[in-house]
Amino acid sequence: MKFLQTLIVFSCLSTTLLAQNQITLNVDLAEHQISRHIYGHFSEHLGRCIYGGFYVGENNELIPNNKGMRTDVVNALKKLNIPNLRWPGGCFADTYHWKDGIGVKEKRPTIVNTWWGGITEDNSFGTHEFLELCQQLETAPFISGNVGSGTVQELADWVQYTNADHKSPMTKLRIENGQKDPWNVKYWGLGNEAWGCGGNMRAEYYADLYRQYATYLTAAAKGSDIYRIAAGSSSGDVKWTEVLMKNIPLKLMEGISLHHYAVIDWSAKGPSTTFEEDIYFKTMTKALAMDDHIQAHSNIMDKYDPEKKVGLIVDEWGGWYEVEPETNPGFLYQQNTMRDAMIAGTTLNTFNNHCERVKMANLAQTINVLQAVILTDKEKMLLTPTYHVLELYKVHQDAKMIPIHVKSADYQLGDKRLKAISASASVNEEGKVHISLVNIHASTTQEVRVAVRGMEVNSISGRILTADRLQAHNTFDAPNTVQTSDFDGAKLDGEEILLSIPAFSVVVFALN
Ligand code: AHR
């Protein structure tokens with residue numbers, strides 16, 4: 001009798017456990033494309049992102065390079081299919097005068113990088129070098145123009161320099177500097193964080209300034225295909241978005257940006273690796289807030305642009321912690337753990353699911369700064385957990401988003417709750433379906449039941465990123481501590497899929 005009771009209790013319990021997370025995929029309703037540009041990157045003249053990260057100089061004999069660009073870094077990034085690269089900032093962009101960075105290197109003026117560490121910038125990496133890097137990476141350049149301390153003419157000249165093929169002063173200068181054909185740069189940001197480091201402007205003032213800059217930038221582009229991005233808001237500041245959407249004619253703008261960092265407290269950001277669960281929980285609360293922010297800004301954009309012509313461009317996102325001990329506080333160099341993998345996986349799911357409005361996003365930043373995908377130390381290089389998430393998720397690039405319904409168990413800490421499971425799915429041109437799932441729970445495996453409507457599933461294959469502790473990370477001495485492996489926690493159960501996803505892991509699987 002006791003055995004029977006135990007059996008009944010156990011079987012009820014296991015049914016409840018299996019039902020704790022339920023996902024429904026509507027493959028037949030896939031309609032909107034997940035722009036590959038959601039998987040974009042960001043490289044600022046900040047710390048060791050450009051110098052020592054991407055670029056080591058043409059005459060460097062110690063670190064293998066092609067025209068100064070690190071070969072190891074370029075090869076690793078190409079494996080991510082990185083679709084675009086934003087440059088030169090960030091806050092640096094509104095202090096950058098592009099003509100300082102062209103022509104004979106020895107003659108280029110030096111400046112002081114006033115935002116980041118007060119170090120001397122020798123301008124050896126400028127427009128030609130950036131566009132050479134983009135060509136090596138086979139990625140689209142995204143240039144952030146100087147509105148805060150530049151002039152309208154200066155930005156118009158820059159566009160003419162990169163895009164004009166007719167006879168013009170800037171074409172002549174470009175050819176003199178060794179580049180005959182224009183590069184045809186499509187993506188242009190007009191200022192950065194205009195409400196803060198980009199000039200501490202009021203939204204109304206910036207909207208007027210934007211109209212002026214966009215007018216002359218467009219004229220200078222003379223028929224080349226350009227995509228103009230207004231410097232948008234931070235996190236939940238919807239008023240900024242409202243003023244811009246109201247005051248900038250839609251014909252002058254293709255995108256409006258949004259920045260949101262997963263930072264627990266700007267005055268006490270906490271360490272990158274030695275955090276406890278309460279800090280982890282706070283970080284994830286901030287990271288998951290991305291969904292609310294996108295929804296709030298989208299609601300406003302829908303009011304002024306119901307046809308969704310203007311893209312929401314999340315051109316800075318990621319985790320932000322205290323710098324590593326004994327490193328320059330102005331260099332924003334931080335390690336990257338499974339916590340960062342959780343931020344990346346959940347945020348990319350959010351972008352995928354909002355792909356009707358979110359047309360581009362840029363992780364901050366690619367190398368050695370904030371939530372980097374690559375860290376370097378002289379000739380050494382390592383791939384972070386965040387790199388592995390982007391590598392797993394690249395299957396979603398340009399695929400159609402599958403509407404998904406997720407019923408998730410709670411991840412509870414004290415009296416606070418978050419959803420344990422985040423997910424998104426897509427179907428590519430060949431009809432292959434991919435699902436990405438994140439279990440953010442710090443200690444409990446999640447059983448997930450997935451119902452797939454609109455397709456017959458014959459087999460499942462997948463990969464997982466997981467580790468033995470949340471704080472796990474890769475170091476130069478142990479660069480493969482965190483890496484992906486085959487996922488064997490999925491099985492078919494009639495018409496459904498049963499998954500068992502370990503605590504703090506990211507899984508991407510394909511249905512065949
Ligand atoms: O990514 C670091 C900085 O964060 C950027 O320069 C700025 O735009 C933001 O505040």
Side-chain angles (χ1 to χ4, degrees), residues 40-47 49-51 53-55 84-102 108-109 111-119 121-131 133-134 140-159 161-162 185-201 206 209-210 212-214 216-217 220 226-234 253 255-259 261 313-318 330-332 360-367 369-370:
H41 287 260
F42 172 32
S43 54
E44 182 164 9
H45 286 240
L46 194 179
C49 184
I50 299 290
Y51 300 107
F54 280 110
Y55 180 73
N84 70 72
L85 187 61
R86 179 174 182 246
W87 173 85
C91 294
F92 180 78
D94 281 296
T95 64
Y96 184 63
H97 300 282
W98 69 272
K99 284 180 186 158
D100 291 349
I102 56 170
R108 295 184 192 177
I111 58 163
V112 175
N113 189 332
T114 46
W115 279 110
W116 306 117
I119 54 146
E121 159 70 57
D122 69 2
N123 281 306
S124 56
F125 188 95
T127 302
H128 289 250
E129 289 74 19
F130 172 63
L131 293 166
L133 171 64
C134 290
F142 167 10
I143 294 185
S144 222
N146 180 346
V147 169
S149 72
T151 64
V152 178
Q153 185 63 50
E154 186 182 1
L155 187 51
D157 280 352
W158 203 359
V159 176
Y161 189 84
T162 57
V185 176
K186 178 170 178 172
Y187 298 100
W188 291 89
L190 281 74
N192 170 74
E193 298 192 349
W195 40 264
C197 64
N200 281 311
M201 300 174 198
Y206 173 73
L209 206 53
Y210 177 92
Q212 188 186 357
Y213 270 80
Y216 293 97
L217 179 142
I226 53 167
Y227 191 101
R228 299 154 298 182
I229 301 165
S233 148
S234 171
M253 151 174 90
I256 184 167
S257 71
L258 170 67
H259 291 179
Y261 285 98
I313 310 296
V314 191
D315 56 11
E316 288 186 29
W317 67 272
F331 281 14
L332 309 187
M360 183 189 277
N362 302 77
L363 176 61
Q365 298 191 5
T366 322
I367 311 174
V369 172
L370 299 177

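In this chain, residues are counted from 1 in sequence order.
- Side chains of Glu44 and Trp115: a donor-acceptor N/O pair is absent below 3.5 angstrom, by distance only.
- Remark: Asp122 pairs with Ser124 by the side chain to side chain donor-acceptor pair (under 3.5 Å) rule, at least two apart or across chains.
- Here the closest heavy-atom approach between residue Ser43 and residue Phe54 is recorded as CB-CE1, 3.5 Å.
- For Tyr216, the OH atom sits in a loose shell: 12 or fewer heavy atoms of surrounding residues, nucleotides or ligands are nearer than 6.0 Å.
- Using a 30° and 60° split on the angle between ring planes, Tyr51 and Tyr55 fall in the perpendicular class, above 60°.
- Note: His128 and Tyr161 have perpendicular aromatic rings, judged against thresholds of 30 and 60 degrees for the angle between ring planes.
- Considering only residues two or more places apart in sequence or on other chains, Arg228 meets the side chain to side chain donor-acceptor pair (under 3.5 Å) condition with Thr218, Glu254.
- Contact record, Trp317 with Ala361: NE1-CB, 3.9 Å, taken as the closest heavy-atom pair.
- Closest approach of Cys49 to Val369, counting heavy atoms only: CB-CG2, 3.8 Å.
- In this structure, His45 and Trp87 have tilted ring planes: the angle between them lies in the 30° to 60° band.
- For His41, there are no side chain to side chain donor-acceptor pair (under 3.5 Å) partners two or more places apart in sequence or in a different chain.
- Residues Tyr227 and Met360 fail the side-chain proximity criterion, which asks for heavy atoms closer than 4.5 Å.
- A 4.5 Å side-chain heavy-atom check between Asn192 and Glu316 finds at least one atom pair inside the cut-off.
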